[in-house]
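Ligands are counted one by one from 1 in listed order, and the atoms in each one are counted from 1 as well. A quick note: this is a predicted structure, and the numbers were derived from the prediction, not measured.
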Amino acid sequence: MSTVLVALRGPLRLALPVAAVLAQVRVALTPGPDPVLQTCVAVLLLVQAGWMLAGTGLVLRDGGPQRALATAAQLLAAGLLADVVAGAAGADLPAALGFMTGSTLASVFAFQAVLRWSRLGRGAPDAGDWVNALGSVAVLVSAGLLLAQAMDVSPAWWPAWQLVAWLGQLSIGAVLIATCLAVGVLAGMARDVRLWGVVGAYGVHVVCQSALSSGGFALTERASALGQVTICAAAVAAAQRPLPARRPDVVRPPVTSTWSLVLLGAGSLLLAVTAFSDLARTRLAATIGVAATVVTFSRVSGIVRELESLARARREARTDDLTGLANRRGLVAALASAPGTGRDRHEAALLVLDLGGFKHVNDRYGPDTGDHVLRAVAGRVADLLEGRHVLARVTGDEFAVLLPGADEHHALEVAARVADAVTQPFDVPDAVVRLGVHVGVTHVHPDEQPAPAGVELLRRGQAAMYAARAANTQVAAFDPAEDERERLRHERVEELRGLLAQDPDPACGEVVVHFQPQVDARTGAVVGAEALVRWHHPRHGLLAPVAFVDLVERHGLMAPLTRQVLRLAALEAARWAEAGFPYRVSVNLSSSSFADGDVVCLVQEALTATGLAPALLTLEITESVLMENVEAVPPVLQSLAERGVGLSIDDFGTGYSSLAYLADLPVDELKIDRSFVRRLLADPRTHAVVAGTIELARRLQLRVVAEGVEDAETLDALRALGCDVSQGYLHARPVPADEVRAWFQERTAVDQRS
Ligand code: C2E
Ligand code: MG
Ligand code: MG
């Protein structure tokens with residue numbers, strides 16, 4: 001039984017208002033009042049309202065709109081009942097007065113229902129909405145009065161209260177239609193038939209009432225009763241399913257504020273018309289017009305105050321407290337509307353200044369003096385700027401000057417003057433302070449497509465400023481080519497960061513190691529190979545160390561790179577040993593390998609993971625590594641030597657060539673740099689240096705490796721001088737792991753045959 005009732009609940013809800021409407025049609029068509037029918041309609045409306053109140057939770061979590069709608073239905077019913085009671089008591093009241101009053105009050109709640117829903121039930125509609133609604137009704141009534149009289153239509157001769165009541169009903173209807181439409185469209189319900197159902201019901205009501213006005217007040221008042229019940233039925237039907245949730249209230253304030261202004265204008269216009277009109281009812285229209293004007297004026301003055309405080313807050317948010325200049329936000333706003341970036345484009349230039357040594361002023365003389373200096377800088381720069389400009393403090397000691405209309409030449413000139421002014425001494429209590437400055441200048445040409453955004457201009461200015469700092473010059477102009485190179489570098493660093501965070505993959509990793517064989521200078525037998533890193537870039541192909549090692553060093557990524565190279569090289573050398581080629585593998589370490597991580601740990605990890613004998617691993621370090629880490633490197637080398645790992649001095653002769661470390665450090669090998677090897681035959685002095693180096697190494701019992709050997713004559717000369725090992729294109733170029741293995745096999749086969 002209960003399931004049957006639940007199933008019937010929906011259809012019953014709809015059936016009731018339909019019944020109320022039909023009954024009301026009957027009331028409307030019956031000449032003279034019909035108390036029985038009126039009572040029936042009222043009861044149906046009350047039942048409907050009760051149901052709506054009980055079921056609010058089902059329809060929308062917040063009961064606001066439904067409650068207001070239910071109240072509207074109750075008020076309609078109360079109006080009908082009041083008429084029935086007044087008729088029964090024989091009171092001498094205008095016909096349908098109760099219903100007119102009830103329906104007017106019901107409109108208030110209907111309006112509230114629409115607004116409540118539009119605000120997602122968050123609190124009551126604000127005063128602005130009510131002022132707008134009241135103002136609109138008053139303006140429409142006032143205008144209607146004038147229009148009816150001016151056009152000489154029949155209602156103009158109704159008694160004043162009837163005319164006002166009639167116009168009031170029409171105006172309320174119009175306002176509710178407009179509100180429903182605005183709210184419905186804002187909520188994205190333009191295609192929802194329910195919205196058009198309610199709007200249509202209001203529309204029919206207003207049109208019928210207007211059309212029937214020629215038939216007299218009694219007829220229009222009946223039409224009004226019928227219309228109200230129809231609207232109530234449409235609204236109830238619309239609320240049967242949950243309405244879509246409105247997005248947060250972002251569009252409303254400007255809409256309602258604008259409408260207030262329109263109303264104020266319309267009210268004032270009406271007053272002006274009435275002042276010059278000689279129509280009989282102008283006084284009434286004027287009174288209502290005054291009410292509309294006063295009501296909306298209060299709202300508009302409130303809006304003006306709000307705007308004022310908003311403008312002040314905005315100004316304050318864009319101003320730097322310390323200097324009174326624009327702050328970063330202010331500058332970005334100015335840049336957004338700068339002539340170089342807008343639609344109506346002219347040239348513009350931006351200067352970005354960075355003070356040098358300001359931190360020292362703050363540290364040495366305290367923050368008060370620092371503030372004083374910053375204000376003085378702002379003052380000096382402001383004094384020398386002429387014409388239209390925006391001066392801003394972007395961050396602590398970074399300033400910016402926007403010069404609308406300035407060409408590049410003028411911008412550079414201003415930058416030089418600014419730099420000159422800022423570097424003049426500043427008097428502070430008990431001292432004189434001097435600052436350095438770097439100024440980046442960027443200029444935007446009106447033909448640049450697409451126009452750079454404001455923040456992009458600031459970025460370019462800052463990039464130019466960093467370039468000035470890097471080059472240690474006072475002024476530098478933005479260089480798009482260098483900027484693009486910097487962007488690529490940055491992109492590459494990010495790629496490397498991701499790459500080096502992973503474990504090395506000998507099969508298909510992007511970090512790969514190529515091997516360049518080393519041979520015995522006398523016999524030509526293979527003795528080892530140098531591991532040289534490569535980056536198999538997915539877009540740029542195989543990259544040599546020169547393309548990325550420097551970036552790796554500068555961004556603190558050398559430890560993970562060394563770890564990968566060590567692992568890959570040791571793995572390969574272990575495979576050679578297994579295949580019967582127990583050759584040494586040499587791995588390069590740079591200064592940052594020592595700075596970024598624990599080298600001993602990295603080496604030990606690689607040896608343990610691959611099972612390579614320590615004697616088969618040689619680590620190459622350059623002289624600069626030793627010179628840059630005088631304290632830290634020797635103990636590390638000692639520890640590596642104790643583990644049985646070989647050590648080699650790479651690029652020997654290109655650095656400081658301090659002979660002290662040759663005696664003190666546990667080094668096994670010297671690699672003569674290829675710049676010497678290349679000139680060995682052509683330059684007798686180079687020949688003498690190489691001969692001396694080989695002699696020295698021999699006495700210290702160090703192995704000598706010559707790198708960059710490209711021809712047999714050079715090899716012969718090196719051999720004659722007593723060089724032990726030769727490495728260079730003469731023998732083989734650096735090749736991938738599988739090729740070097742094949743090379744070893746081929747070479748061994750040749751050796752065995754000969
Ligand atoms: P390096 O250690 O002096 O390596 C020798 C460089 O000389 C290699 O260049 C090699 O290809 C090149 N070379 C060898 N024989 C000849 C020759 O006969 N003629 C000419 N013109 N060049 C020859 P590559 O591979 O471009 O490496 C350049 C530098 O990059 C290396 O100089 C080394 O300092 C650095 N590097 C390479 N791999 C690594 C690594 O894994 N870690 C670190 N930290 N640095 C590395
Ligand atoms: Mg090397
Ligand atoms: Mg070298």
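Nearest protein neighbour of atom 39 (C) of ligand 1, counting heavy atoms only, is Val533 CG1, 3.6 Å. Here the heavy atom of the protein found nearest to atom 13 (N) of ligand 1 is Tyr729 CE2, 3.9 Å. Residue, atom and distance of the protein heavy atom nearest to atom 34 (O) of ligand 1 are Asn588 OD1, 4.6 Å. The nearest heavy-atom contact from the protein to atom 30 (O) of ligand 1 is Pro545 CB, 3.4 Å. The protein heavy atom nearest to atom 31 (C) of ligand 1 is Leu532 CD2, 4.3 Å.
Close approach of ligand 1 to Gly728 is summarised as follows: ligand atoms under 4.0 Å from at least one heavy atom of the residue are 15 (N), 18 (O). Atom numbering of ligand 1 starts at 1 in the shown order; those under 4.0 Å from a heavy atom of Asp651 are 3 (O). Each of the atoms 44 (N) of ligand 1 lies under 4.0 Å from some heavy atom of Met558. Of all atoms in ligand 1, listed by their number and element, those nearer than 4.0 Å to a heavy atom of Glu707 are 3 (O). Near Glu710, the atoms of ligand 1 lying under 4.0 angstrom from a non-hydrogen atom of the residue are 17 (C), 18 (O), 19 (N), 20 (C), 21 (N).
A salt bridge is absent between Asp738 and Arg741; no separation between the charged side-chain nitrogens and carboxylate oxygens falls under 4.0 Å. A salt bridge does not link Arg487 to Asp483: none of the charged side-chain nitrogens sits closer than 4.0 Å to a carboxylate oxygen. A salt bridge between Arg497 and Glu494 is present, with a side-chain N of the basic residue lying under 4.0 Å from a carboxylate O of the acidic one. The pair Asp724-Arg522 meets the salt-bridge criterion, with a side-chain N (NZ, NE, NH1 or NH2) lying under 4.0 Å from an Asp/Glu carboxylate O. The pair Glu710-Arg678 does not meet the salt-bridge criterion, since no charged nitrogen lies less than 4.0 angstrom from a carboxylate oxygen.
The shortest separation from a heavy atom of Arg534 to ligand 1 is under 4.0 Å, placing the residue in contact. The closest approach between a heavy atom of Arg733 and any atom of ligand 1 is not below 4.0 Å. Between Asp650 and ligand 1 there is a heavy-atom distance shorter than 4.0 Å. Using a 4.0 Å cutoff on heavy atoms, Arg678 does not count as a contact of ligand 1.
Excluding waters, the count of protein N/O/S atoms less than 2.8 Å from the Mg ion (ligand 3) comes to 4.
Contacts between His514 and ligand 1 below 4.0 angstrom, taking non-hydrogen atoms only, are absent altogether.
Between the side chains of Glu669 and Thr618, no donor N or O sits under 3.5 Å from an acceptor N or O.
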